[in-house]
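Okay, so here's the structure we're looking at.
The basis for the numbers below is simple: all heavy atoms, side chains too, and nothing from hydrogens, waters or symmetry mates.
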Amino acid sequence: FGFKGCQKIRGPQIRSLLEAKDFFLFDCDGVIWHGEKAITGAAKVVNALIRQGKNVVFVTNNCTRPRENYVHKFCRLGFTDVMLEQIFSSSYCSALYLRDVVKVRGQVFVIGCDGLRRELLEAGIPCVEEADDPDATIYNCALAPDVKAVLVGHDDKLTFLKLAKASCYLRDPDCLFLATDNDPWHPLSGGRILPGSGSLTAALEVASGRKATVIGKPSRFMFECISSQFRGVDPAQCLMVGDRLEVDMLFGSNCGLDTMLTLTGVSQIEEAQEYRNSDLSTNQSLVPDYVVDTIADFLPAFEE
Ligand code: PLP
Ligand code: CA
């Protein structure tokens, strides 16, 4: 395409891009919704693509819910045609990684929300049960003898004790160190932010002197999960749509996919242009192939 290369595309260009691709990967927060509010027009776009027979999947680094909850959320927000099989979250992919890649034997110590633990249990992966003992400290608590992996994700009930226990488990070189994602922070309304899984992982990396293996975007593993569940996925036929250059564009580029930045989320077009103009060659992987203001800009392409 003559219009490829970190620039805003419009009407006829969007139409020919949508015609050329048959597999669409959408990031969720900042692309499809903001928290509990759908982006205007997003549901129409997703429903129209699905009805046209395009493959549509969702790739989210939000590890706090099991996939079923996402199906309900999609439905609640008007995305009526989305099914469980289309949802690839960092919690689901972490469960697949533990079950199918490392075939973990023994328990997993989880720093994360209940949703992450539920996804692991559904895949048959035993998690260390946390006793609710207010007097427990790292000096007197019991440590499980058979912990074979520490998995870190967003945890809104993080305690010092959990960090301390995880640091102890990680002393064992045979205990794997995994992170659902490495997102630094997430925007909330009113200018507030939420520290992301990456900030918790960083704490444990310092304490353990080790580096976590990241499961979610920008790691390729999520795309491997998609490829193994959808027959004949051709990266050349895929478009990855996201709002964060360092996560979504890098993910697309790591997987050999065309990338599109939508300006309804975290990253601005000026940041993309700065990466493009920088001399650092690794920065080029963060530059989107296409930019739109919102995925609602796809809508005219579905009209006759
Ligand atoms: N993790 C948490 C805890 C979040 O709240 C969010 C966004 O709200 C994300 C990850 C990022 O999700 P996504 O990859 O869909 O943008
Ligand atoms: Ca996002």
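Lys44 NZ: 12 or fewer foreign heavy atoms inside a 6.0 Å radius. Other residues, nucleotides and ligands place no more than 12 heavy atoms under 6.0 Å from the CD atom of Glu129.
Between Gln86 and Ile50 the shortest side-chain heavy-atom distance falls below 4.5 Å. Within the 4.5 Å cutoff, no side-chain heavy atoms of Val46 are placed close to those of Asp81. Using a 4.5 Å heavy-atom threshold, the side chains of Val71 and Val82 count as separate. The side-chain heavy atoms of Gln7 and Arg276, taken from C-beta on, include no pair separated by under 4.5 Å. With a 4.5 Å cut-off on side-chain heavy atoms, Pro126 and Val108 do not count as touching. You'll find the side chain of Thr159 stays beyond 4.5 Å of the side chain of Leu163, heavy atoms only. Residues Thr64 and Ser91 form no side-chain contact, since every pair of their non-hydrogen atoms from C-beta on lies 4.5 Å or further apart. Two residues are said to be in side-chain contact when any heavy atoms from C-beta on lie closer than 4.5 Å; Tyr290 and Ile14 fail this criterion.
Judged purely by atom type and a 3.5 angstrom limit, Ser285 has no side-chain atom pairing as donor or acceptor with the backbone of Leu250. Put simply, the side chain of Arg67 never gets that close to the backbone of Ser89: no donor and acceptor are under 3.5 Å apart. Distance alone, capped at 3.5 Å, is enough to place a donor-acceptor pair between the Gln13 side chain and the Arg10 backbone. Between the Thr213 side chain and the Leu178 main chain, no donor and acceptor come within less than 3.5 Å of each other. A donor-acceptor pair under 3.5 Å is formed between the side chain of Lys103 and the backbone N or O of Asp100. In terms of modelled atom types and a separation under 3.5 Å, the side chain of Asp29 and the main chain of Gly35 share a donor-acceptor contact. At distances below 3.5 Å, at least one donor-acceptor pair connects side-chain atoms of Ser227 with backbone N or O atoms of Phe223. Side-chain atoms of Lys37 do not come within 3.5 Å of backbone N or O of Leu77 as any donor-acceptor pair. The backbone N or O of Gln273 lies less than 3.5 Å from a partner atom in the side chain of Asn277, making a donor-acceptor pair. Side-chain atoms of Ser267 do not come within 3.5 Å of backbone N or O of Leu263 as any donor-acceptor pair.
Ring-plane geometry between Phe109 and Tyr169 is classed as tilted, the angle between the planes lying from 30 to 60 degrees on a 0 to 90 degree scale. Ring planes of Phe298 and Phe26: tilted class, angle from 30 to 60°. Between Phe79 and Trp33, the ring planes are perpendicular. Angles over 60° get that label, and only those under 30° would be called parallel.
Under 4.0 Å is where a charged nitrogen must lie from a carboxylate oxygen, and between Arg76 and Glu36 at least one such pair does. Using a 4.0 Å cut-off between charged side-chain N and carboxylate O, Arg65 and Glu119 make no salt bridge. Taking 4.0 Å as the cut-off between side-chain N and carboxylate O, Lys8 and Asp297 do not count as a salt-bridged pair.
Summarising the geometry, atom CZ belonging to Arg118 is positioned 7.5 Å from atom CD belonging to Glu68; distances are rounded to the nearest 0.5 Å. Distance check, rounded to the nearest 0.5 Å: CD1 of Ile32 to CD1 of Ile39 gives 8.0 Å. Distance check: Leu151 CG to Leu98 CG gives 6.0 Å after rounding to the nearest 0.5 Å.
Among Phe88, Phe74, Tyr92, Phe24, the single residue meeting the ring pair (Phe, Tyr, Trp, His ring centres under 6.0 Å) criterion with Phe58 is Phe74. When each of Asn61, Asn254, Asp248 is paired with Lys217, the side-chain hydrogen bond (donor to acceptor under 3.5 Å, both in side chains) condition holds for Asp248 and for no other.
Under the 4.5 Å side-chain heavy-atom criterion for grouping Ile, Leu, Val, Met, Phe, Trp and Tyr, Tyr97 is connected to Val110 within one hydrophobic cluster.
Both tests hold for Arg244 against Trp185: distance to the six-membered ring centre under 6.0 Å, angle to the ring axis within 45°. Taking the centre and axis of the six-membered ring of Phe177, the NZ or CZ atom of Arg210 falls outside the cone set by 45° and 6.0 Å. The side-chain tip of Arg220 does not point at the ring of Phe251 from less than 6.0 angstrom away and within 45° of straight on.
Side-chain contact of Asn62 with Thr60: a donor-acceptor pair under 3.5 Å is absent, judged by distance alone. For Asp183 and Ser197, the side-chain atoms include no donor-acceptor pair closer than 3.5 Å.
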**Q.** CA sep, side-chain torsions, deciding dist, call: Tyr275, Glu246, side chain to side chain donor-acceptor pair (under 3.5 Å)
**A.** CA-CA 10 Å; Tyr275 282 133; Glu246 299 80 1; 2.7 Å; yes
